[in-house]
Every structure is written in C-alpha cells, then in structure tokens.
Amino acid sequence: MSTLASVYSPAAIEEKWYAYWMRHGLFHSEPDEREPYAVVIPPPNVTGVLHMGHMLNNTIQDVLVRRARMLGKNACWVPGTDHASIATEAKVVEKLAAEGVKKTDLSREDFLRHAWEWTRRHGGIILEQLKRLGASCDWERTSFTMDEGYSRSVIRAFVDLYRQGKIYRGVRMINWDPQAQTALSDEEVIYREQQGKLYYVRYRVSGAAAEGQPAYVVVATTRPETIFGDTAVCINPGDERYRWLRGKKLLVPLINREVPVIEDEYVDPEFGTGCLKVTPAHDVNDYLLGEKYGLEVIDIFNDDGTLSPKAQRYVGQDRFEVRRQVEEELAAEGLLEKVEAYANKVGFSERTNAAIEPKLSMQWFVRMEELAAPALAAVMDDDVQLFPPKFKNTYRHWMEHIKDWCISRQLWWGHRIPAWYLPQGGLVVAETAEQALAAAREKTGNPQLALADLRQDEDCLDTWFSSWLWPISVFDPDVAGHPEADPNKDLQYYYPTTDLVTAPEILFFWVARMIVAGYEWAGGYPFKNVYLTGIVRDKQGRKMSKSLGNSPDPVALMEKYGADSVRLGMLLTSPAGNDLPFDESLCEQGRNFCNKIWNAFRLISSWEPGDGEPQPEHAQVAVEWFGELLRKALQSVADDFDKYRLSEALMALYKLYWDEFSGWYLEIIKPQQGRPMDAATYKATLRFFDAMLRLLHPFMPFITEELWQNLAERKDGESIMVAPQPSAREHDEDVLRRFEQAKQVVSAIRSLRKDRGIPSREPLTLLYRGELSPAAAAVAGRLANVQQVAAVEENTEPMCASFLVGTTELYVPLGSLANAEEERKKLAAEVERLTAFLGGVKAKLDNEKFVRSAPEAIVALERKKQRDAEAKIAALTEQLEKLK
RNA sequence: GGGAGCUUAGCUCAGCUGGUUUAGAGCAUCUGCCUUACAAGCAGAGGGUCGGGGGUUCGAACCCCUCAGCUCCCACCA
C-alpha cells in the first residue's frame, strides 16, 4: 500500500514544481523552427494587486498556453505591467497627501522620483501572485510600459503619427476629471443614471417689460450652478409661445448679466419649458451653439471643480456645494419657479469616479477615421476573430462611429508628450530634446537657439497610447513609429500573436486600438483570436468590488484550496462572454476533484504487476472500452478547444476522470484482495492515467506534474509541461455501445438490490433472453456480484425480478428473496409506462401526413420504436402472467 | 432614443442546419452505505407544462409574430 496521505495537500507541491519549471527554463521561449504560439498578457497596473478578474483571465490564458505547448507549438506568454498613468499618479498623490505634501508643491522631477519609488516598492507584486496561480509566463520577457525601450517606441509612435498629420493639437470640449485634474478620452467616461433635479429658473427680461408681455421667462436646467457661465438663452424659432422674446435681452439670475436670446432648431420645444440656457464653456451642445452664434465663453470652474473668479459668485467653493446654495438663493429671490425630480445621465471618471466636467481646453488628439479602416475590416473579415462572436456587432458600431482620440493627460506619471514650444510661438515634435533643438533651429533659422529656449509640453500621453503597442513593442520596441525599421527576429517569429484573452470592457480602450496599431506599424493584425471573458460576480450577481468588500482575496483562496482547485473553480462555470457567478464552493468542488485524482493515483500505485498472471475477461473488456472512450474524449476536447469552450472541455475531462475512469474502469480492473494484477492491464492503466494527466495538465498544472513525476522514473528536467498531448484517433462506437449495455445491466442490478434490500454480498444469477454481450456478462460478474449468467429460451423461473436493457429481457431469480406482489406492481407500472409511450408512437405513425412527409429514416425509426415497445410489453406481460 | 443578447431542474449552464431524447450536465437535494483509493467518498433516487400567448409545420426548446422580465453596448436632449 502506498504511503501517500489520503488527502492531497497542495502547498509544498505547488511551490516545488513552480521552482522546478523555472529552474529548467520551461517557460522560456526562443524562436525556432516550430510553429509559434504567442499570447501577450493584458498588462495589469504595475502597482495593482491580484483580484478575481485577473484570476479568471490568467487562468484561461495559462490553460491555452499550456495546451499549445503540449501540442508541440513553441508557446510564448509575455507578461508585464502597465504604468497606469491616472491610477498610479492618484495613488502617489494620495500617499504624499497623507505625508502632508501637496503635488503642487513639488517639481515634476521630485514628483517622478516619488512615483518611481512607489513603483519600485509596489510594482510587480501582482506578477509574483500570478506565479502562485501557476502562470507559465516567459518571465525573461517581462515588460513594463515605461521601460526604456518601450518608452522609446511610444514616443516614436507619437512622432510618426504627428508627421503623418494624424495627430493634431486643438481646443476642444473634452471630459475633465476634476479629481485627477486631467482630460480624459470619451472612453474613460462612464455614464450612470443619476436621480437629480430639474430646476425651473426665472430669467428676467432686460429693461422695462413691454405692454402685455411677461417680465421673465422660465428656463429648465439640471445644473443651476452653471448660470454664472450663461451667455445666451435659446428658443426654437418655430415656437410661437416665445415669439415675443425675439431680439430681447435677458438677465442672468443672481449676477444680472445681460445675455441675448438666440433661436436654433436644436431646442426641443417639448422639453422643459422649451427655453434653454446656453453655457458654452460647460456643455458640449452649448459649446456648439456658442460657436455657431459667436457667443462669449465664460469658464466658471477651476481645474479642481471649484468656482473660479469668472463666476463672480461663490468663488473657491465646490460645484456641488454651490448648486445647493444657488438653489436656496434662487428660491429666496423668488427666481425659482419649481423643482422637479429628474433622472439624467451623468458622466463619471472611469478611474477616479469623479463627476466629469465638460471643459474647453487645448489638447492633443489622434485623428482616428483613417486609422480605423483596416482595423474594422480585420474583424469584419474574420482575420481577427472575436469569441463569442456577438461582440463583432459592438465592435463594428464603435469603429464606424469612431471619434478622434484625446491622448493628452495633465499628469506627470507617463510618457511626456514630445512637443517643444518655440519662444516665438509654434512648436516642433521630435523623439528627443536634441532632435527637437535641431528641428527648432532649422524652423526658426536661428542656430543660436538653445535647449533652454524651448519649453517641452507638460502633459503626458494617455496610458492606452502606450498599451496599444503592447503586442508589437514587447517583442521589438524599435518597430512602432518606425516604418523603415526591419522587425527583429522575435517580432518576425511571434507576430501576429495567436490568442488574446481579455475583458469586454476594454474592447475599445485596448483591443480595437491594438488592432489599429498593428496595421499601422506591424503590417497586420496583432492577434488571430480574441477571447472575451465575463465579469466575475458574487453569488448575488453583484460585480466584485473593493467598496462592496465582496471580492475574496485570490491568494488566500489559493492558500486554502490550492491553486489547481481555484483554477478549476474559475473554469467550471464560465463559458466565453458569460459572467461568472463566483462562489467559494466552486473551489471546494475543485479541491474534491484534486483529491479524487490523488486517490486514484494512490490506488494505482499500490498495484504490483504479477508474473504470468492471466488477464481476466472483465479487465480485458474494461481496457478495450476505456481506450476507445479516451479516443472519443480526445476528439471532443479538441473540438471544444477549437471553439474556446474551455468549461465544456474541462467538464468532459472531469466526468471522464471521475465517472468513467474512477467509477467504472478502476472498479472493474481492481484486483481481488491480495491478488497481483496482470501485466497487460497494469500497463494499460498506467498508459491511461498518463494520458489523462496530460489532458488535465493545462487546467491543473501542479497536481498533474506531481503525479506524472511519480508515475515513472523521470530524468531531471523532464516535465509533463512539455510532454505531448495524446493525439486523437478514430474510435470504435461498437465497443462503446457494448459497454453501455454492461453499465445498464450493472445499474439495473444495483437498483434492484437497493429496492429489495438485497445486500451486495448476496450473489445473484442473471438469466437473459435476447442479446447480451460477453462484455456485459463479465462486467456484471465483477461489479454486481453476479455469479452466473445464462441465456434462456424462455424464463421458467416465476419468482424473479425482471428488467429490460434495450430489447434484451433480463431475469434475476430471487427465490425466497422475492415478494410476488411487489414484483407484480413493478412490472405493471413498467407496462403502463411503455403502453403510454407506444400510444404516442402509434399516433405519430397513424398520421398519414407524417408518414408521407417525414424523411424515411425518421419514419423507420418510429416503426422500430413501435416494434420494440410492443415486444417489450409482450415480454413483461408474459412475465406478469407467470407471477399470478 | 438606437443596437445586441438573454429567459431550459433549487443554482450555473449545454442543447450545432426543426425529427435517434420519452429534454441533458455539474452542483445542490433526498435515501442507503465508515464496501480494505477516496465520507472532500460510494450506490441509488427525485426534480423541468424549455418566460406567457399566438402562428408556421406531419413534427417546435430550436423558425415567425406578440407580450413580459433581465443584461450589456452605444448616443450631446437641457
């Protein structure tokens, strides 16, 4: 008997094998003559920590990568991190604030020193956590978006696009995050329905009221604090109610600034009062109106969301506080007609969750329309395939309506925009300060110009402007933005990568833009397949979040259950694109499966092959059957993987291992107490076990490595990681069918024992009329304690239990164990059920139209059902008679 | 306001071009078992008018219409 404990304990084993894989360089990949298979990790924030979303995402990647490696491909999974401009800068600012230091008191250089220090301290923790999970990344290729080479490629990409005229600088209405104090792209704004108020505010008519005309108009607004920035009131030219207002001036409440009444079709007479206040500096539509009618633009906010001196009132106070006070003041002044509850959509910063302020400012933009064209075609033509394919629509819609991308951020942590402003105005864009100086001298015709005369743009680039180069620059940092460069060996070999696994939330942020960059600089798409995962939710279906505190700590989970178990827990129920309702019990299920595997190994390793021991018939049957079953499983698993149905592949293997291999196969071949095992069965069993470990390895790398190493003598450096997957072959359905009959016979006998309280140690005899394969007889002998099996012409034994498997009648003589009344009841119930079934079949066949229009095969099938049912009923009725 | 998708057992989901199924799986539940690999286990069992209604068809979970509910994406309605 094996000395292994009966419970699998993962901790030491996981650590041992991860170190072994690292020591032998098994994760590392170099270009060679094999088919490449590459995956680039969606780089997590450099200072982030592992959450359940990462767990799901990286488990899936590891499964795909490990399988590809075992299929003989040269698999390369590139890990790395993202500098995450806003998020990281926010953390550093917060940390400094806690120490009493304000960012504004620091120089750019000092701040960056702190940021790097923070990055060094917290950076890469997440990568260490991924190792716990078993991630088979090529750590020698770990990249960071602010590595020197990588940064070079980002800057070069900017310069290249600028030279092509695809990057421009201009004043536009952008999304301002008052907390991070930076511009955001449209994609970084999340709109949420907010229960707000609609304020009806009176604007008095300037000058004396004309005879019979009102002294004021009422304007509806959700943002009364912006009235200080009003520069017009707009009505619809067709609106008869306001005809009298034409050409009049109105007074902005509280500050009594005189503003014109303008007319534009944009105003919906149905909404509110049909009268719109126009604040060009703080609303996108108002801005457009302002442009059209040459209105003054009064920006009443400071960058932090407090009111600026331009507002005249409430200067220095926060916008939301001002809203409250303005409401009070308007009411006190009798200028507030009414307030209604009103639900509207408010934009929030994706990173800081601060309410976005539309703000007019000078920013850098990428002209997207032309760039997007090949990237749109790539997905539409399936050069890049999305899984699940429903995302194709979403993708198309976005790409067809793509807007210019605001890429400048008023931050310090990131890639500084390589633009230098000249003393006399104008600017030059260049990769380095030296090149900028040269360009500046040339442009100005002043060779005396010094670097000190130039002022570099203060802003950083959007993080996504660096991560869109990820699949290119992690391999070769000198290709992006450098059209004349020859790609290095790595890029030539690994690009395009094969699979990308990521969340649908960043389809536009990242996936689409990577495809754009791929066509722009690397000659084509960056990956062939995109697997979009779901969102990990809690049991109640809520998104996991820090604030809800409903997200388990993945590392704690792995400590409790083992990494393999948690991986299983993540995959057992998460088809592509579906959300994963996570519950710890899924890890328990994973752990139970590990334990099952572990114990099967204990059993097998307790066996000794005997010399000259003959192979029993039941063992031979089992070996033949399981071999075929394995082949069939191989095929279906390969098929599942082709379609990225990982959960289904895993479930198939789970059942194959648990039910078929452990439940049936091992139980059949298990030698009688103390007996040795015959060599043929022993060898076959080791072969099967080995094959199953390989099949399972991508899903559960640690336990499979441990057992595989113990299954045979292995050389140092050998690993299941690089053992080939078993190859698929045709299987023989007949063998499977015969065994299916055996299983049914065994189940039926077990069931009848249970029904009648016949203990399993009580041997039984099995009589049958019809076809019973020798396989079935042998298996029944082994698993159902059937001592005798005999064919009969007719059953002469009245006191017996009878049942049907297919059309074969089986009888188990019970003698004194039987209760005639009970047996009659059982038989009668069965006859009744069959008769009802037969009724349905007959009704179908009696329908002329069915017989005429249905395909022949279908009709023939129904006829066979009828014949079989009739035969069964006849047999059971006959038996019933005997019992009377 | 547009668009996409979903609704099958208590839960999470399969069910590919309508007929080989008398609708499946895993988990959960119930019953019996400490049977010498595993009680984190074994054996057995129960559980669904396939969201409602209508239609097409010899035949519908699957196709069409309609109603209801849910989810996601996009959009500048104060």
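Chain letters run A, B, ... following the sequence lines, proteins first and then strands; every chain starts at 1. No experiment lies behind these values; they were computed from the predicted model shown.
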Please collect all salt bridge (Lys or Arg N to Asp or Glu O under 4.0 Å) contacts where either partner lies in [range], sequence neighbours excluded, each pair once.
range                       : result
residues 651-665 of chain A : Glu660(A)-Lys743(A)
residues 852-864 of chain A : Lys844(A)-Glu862(A), Glu862(A)-Lys865(A), Lys864(A)-Asp868(A)
residues 265-285 of chain A : Asp230(A)-Lys277(A)

All ring pair (Phe, Tyr, Trp, His ring centres under 6.0 Å) counterparts of [X], not counting sequence neighbours:
X         : answer
Tyr342(A) : Phe271(A)
Phe348(A) : none
Tyr8(A)   : Trp598(A)
Phe688(A) : Phe626(A), Tyr665(A)

With respect to the side chain of Gln589(A), which nucleotide from rC27(B), rA40(B), rA25(B) is positioned closest?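 So the side chain of Gln589(A) is nearest to rC27(B).
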
With Lys754(A), which residues qualify under side-chain hydrogen bond (donor to acceptor under 3.5 Å, both in side chains), at least two apart?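 Lys754(A) satisfies side-chain hydrogen bond (donor to acceptor under 3.5 Å, both in side chains) with no other residue.
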
Tabulated below should be each protein N or O lying under 3.5 Å from an N or O of nucleotides 59-64 of chain B; please produce it.
none

What protein N or O atoms touch nucleotides 28-32 of chain B N or O atoms at under 3.5 angstrom, if any, and at what distances?
unit_1: rU31(B); atom_1: O2; unit_2: Lys754(A); atom_2: NZ; d: 2.8

Protein-proximity profile, nucleotides 70-75 of chain B, B/S/- by nucleotide at the 4.0 Å heavy-atom cutoff, equals ---SSB

The correct list of stems in which RNA chain B takes part (3 or more consecutive Watson-Crick or G-U pairs, distances under 3.5 Å) is B:1-7 with B:68-74, B:10-13 with B:24-27, B:29-33 with B:41-45, B:51-55 with B:63-67

Using a 4.0 Å heavy-atom cut-off, does Asp755(A) contact any base of the nucleic acid, only the sugar-phosphate backbone, or nothing at all?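 Answer is nothing: Asp755(A) stays at 4.0 Å or more from every strand.
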
